[in-house]
Amino acid sequence: MDYFQVCTFLFMLILSRSITAEKQNPDSGLEIYKKLFEVKRKDQMNALKNLIELNDVNQQYKIIDIMLKGLFKVLEDSRAILIAADVPPDGPFPQDEKLKDAYSHVVENTAFFGDVVLRFPKIVHHYFDRNSNWNNLIRWGIGFCNQTGVFDQGSHSQVLGLMAQELGISEKSPDYRNPFKTDHSEFFPSADTFQKALREEEKRRKKEEKRKEIRKGPRISRSQSEL
């Protein structure tokens, strides 16, 4: 996939949710959702694979920047909906469509953010560590997800704990290690390569900001030009 295709794929994942049956028993709703969540996780892994296979830290930097902004906007909106409706994370799976959307978005995007953090820690830390709002949102998201029961089993059962330790939200255990840092060192560019990418991206941003300032600059009105 190219840059545009990866961006599109990632945004579709962030904004979509696992679809549940229209009519279901409240007691079985969560179990049905868990199965659909497993399918969604496979889609998320495919998206990460495409992002990794770009093999270009500059493009990865740009895509993750855009993706995180979208992800946390969805997480913030979904949190507001769930809190307003007083939806308990350890309660029955919601029946209302709007609440289903919000619940799914919180669970799926929190998990996906954990995947991105563990595979691209340098890039994520560059953005995350300076944004207190994101920090508060993901702390809430992790707490919510831990109570849902969705993460009790399966290959994703450890993602919340590993993410919390990687971000410094919870204290690192003595035996903590990022499993991807050891097993997939190619996911982590060298310090020199990464710093070069950061400098290039900052230059690109400054040029873009200057272009925007020029376009927004004062204009001579028709009456003035005719004087």
Side-chain angles (χ1 to χ4, degrees), residues 10 13-14 16-18 29-49 51-52 64 67-68 70-83 87-94 99-125 127-129 131-184 187-188:
L10 289 170
L13 278 176
I14 291 170
S16 66
R17 71 169 174 89
S18 298
L30 182 59
E31 295 306 314
I32 294 173
Y33 175 72
K34 286 181 180 180
K35 294 178 181 179
L36 295 169
F37 178 66
E38 294 287 349
V39 176
K40 183 61 175 281
R41 293 291 287 153
K42 291 179 181 179
D43 291 339
Q44 292 177 337
M45 293 301 102
N46 286 333
L48 279 176
K49 181 181 178 182
L51 182 57
I52 291 165
I64 290 174
M67 182 194 69
L68 292 182
L71 186 149
F72 278 103
K73 179 64 170 64
V74 170
L75 187 59
E76 185 174 34
D77 292 345
S78 299
R79 179 181 67 168
I81 291 170
L82 294 174
I83 290 176
V87 175
D90 56 350
F93 188 76
L99 298 181
K100 283 182 185 179
D101 282 345
Y103 184 103
S104 299
H105 284 151
V106 168
V107 172
E108 292 160 17
N109 284 315
T110 298
F112 189 48
F113 178 65
D115 296 327
V116 178
V117 168
L118 295 173
R119 288 164 176 79
F120 300 95
K122 290 181 180 179
I123 297 177
V124 172
H125 275 294
Y127 293 111
F128 181 84
D129 293 353
N131 195 316
S132 60
N133 184 46
W134 288 4
N135 191 303
N136 291 331
L137 282 170
I138 204 62
R139 284 174 183 270
W140 177 87
I142 292 172
F144 185 94
C145 290
N146 271 325
Q147 297 180 65
T148 61
V150 174
F151 294 82
D152 290 349
Q153 297 177 344
S155 58
H156 48 265
S157 60
Q158 296 183 343
V159 68
L160 298 178
L162 290 173
M163 167 175 46
Q165 291 180 78
E166 178 62 42
L167 293 173
I169 291 174
S170 65
E171 185 176 353
K172 290 184 178 179
S173 61
D175 59 346
Y176 168 78
R177 71 179 183 88
N178 184 330
F180 301 99
K181 189 171 185 178
T182 300
D183 300 335
H184 302 281
F187 295 175
F188 295 77

Can you check whether [Y]'s main-chain N or O pairs, donor with acceptor, with [X]'s side chain at less than 3.5 Å?
X: Thr148; Y: Cys145; value: yes
X: Asp90; Y: Gln147; value: no
X: Glu108; Y: Gln44; value: no
X: Lys34; Y: Gln153; value: no

[X] side, atom [atom1]; [Y] side, atom [atom2] - distance, nearest 0.5 Å:
X: Leu68; Y: Phe120; atom1: CG; atom2: CZ; value: 11.0 Å
X: Arg119; Y: Ile52; atom1: CZ; atom2: CD1; value: 6.0 Å
X: Leu71; Y: Leu137; atom1: CG; atom2: CG; value: 10.0 Å
X: Arg79; Y: Asn136; atom1: CZ; atom2: CG; value: 7.0 Å
X: Leu75; Y: Phe144; atom1: CG; atom2: CZ; value: 10.0 Å
X: Leu162; Y: Leu118; atom1: CG; atom2: CG; value: 5.5 Å

Please find out if less than 6.0 Å separates the ring center of Tyr127 from that of Phe72.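 Ring-ring flag for Tyr127/Phe72: false, centres at least 6.0 Å apart.
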Taking the six-membered ring for Trp and the full ring for Phe, Tyr or His, determine whether the centres of Phe151 and Phe37 are under 6.0 Å apart.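 They qualify: ring centres under 6.0 Å apart.
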For a quick test of reading the model, state the closest non-hydrogen atom pair linking [X] to [Y] and the distance between them.
X: His105; Y: Ser78; result: CB-OG, 3.3 Å
X: His156; Y: Val150; result: NE2-O, 3.5 Å
X: Val106; Y: Thr110; result: O-OG1, 2.7 Å
X: Pro89; Y: Tyr103; result: O-OH, 4.3 Å

Is Leu167 close to Asn135 at the side-chain level, that is, under 4.5 Å between some pair of heavy atoms?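 No, every pair of side-chain atoms sits at 4.5 Å or beyond.
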Kindly assign one of parallel, tilted or perpendicular to the pair Phe93 and Tyr33, based on the angle between their ring planes and the thresholds 30° and 60°.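 Because their plane-to-plane angle is under 30°, the rings of Phe93 and Tyr33 count as parallel.
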Basic-acidic side-chain contact under 4.0 Å: Lys73, Glu76: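 A salt bridge is absent here (no side-chain N lies under 4.0 Å from a carboxylate O).
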Do Asp115 and Arg41 meet the salt-bridge criterion of a basic N to acidic O distance under 4.0 Å?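 So Arg41 pairs with Asp115 through a salt bridge.
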List the steps, then state whether side-chain contact (heavy atoms from CB on, under 4.5 Å) holds for Ile123 with Val116. CA-CA 9 Å; Ile123 297 177; Val116 178; over 6 Å; no
Residue pairs passing the side-chain hydrogen bond (donor to acceptor under 3.5 Å, both in side chains) test where at least one lies in residues 157-174, sequence neighbours excluded: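 Listed once each, the pairs are His125-Glu166, Gln165-Ser173, Glu166-Tyr176, Ser173-Asp175.
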Could you give me the CA-CA distance, side-chain angles and deciding distance for Phe113 and Phe128, then say whether side-chain contact (heavy atoms from CB on, under 4.5 Å) is met? CA-CA 11 Å; Phe113 178 65; Phe128 181 84; 3.8 Å; yes
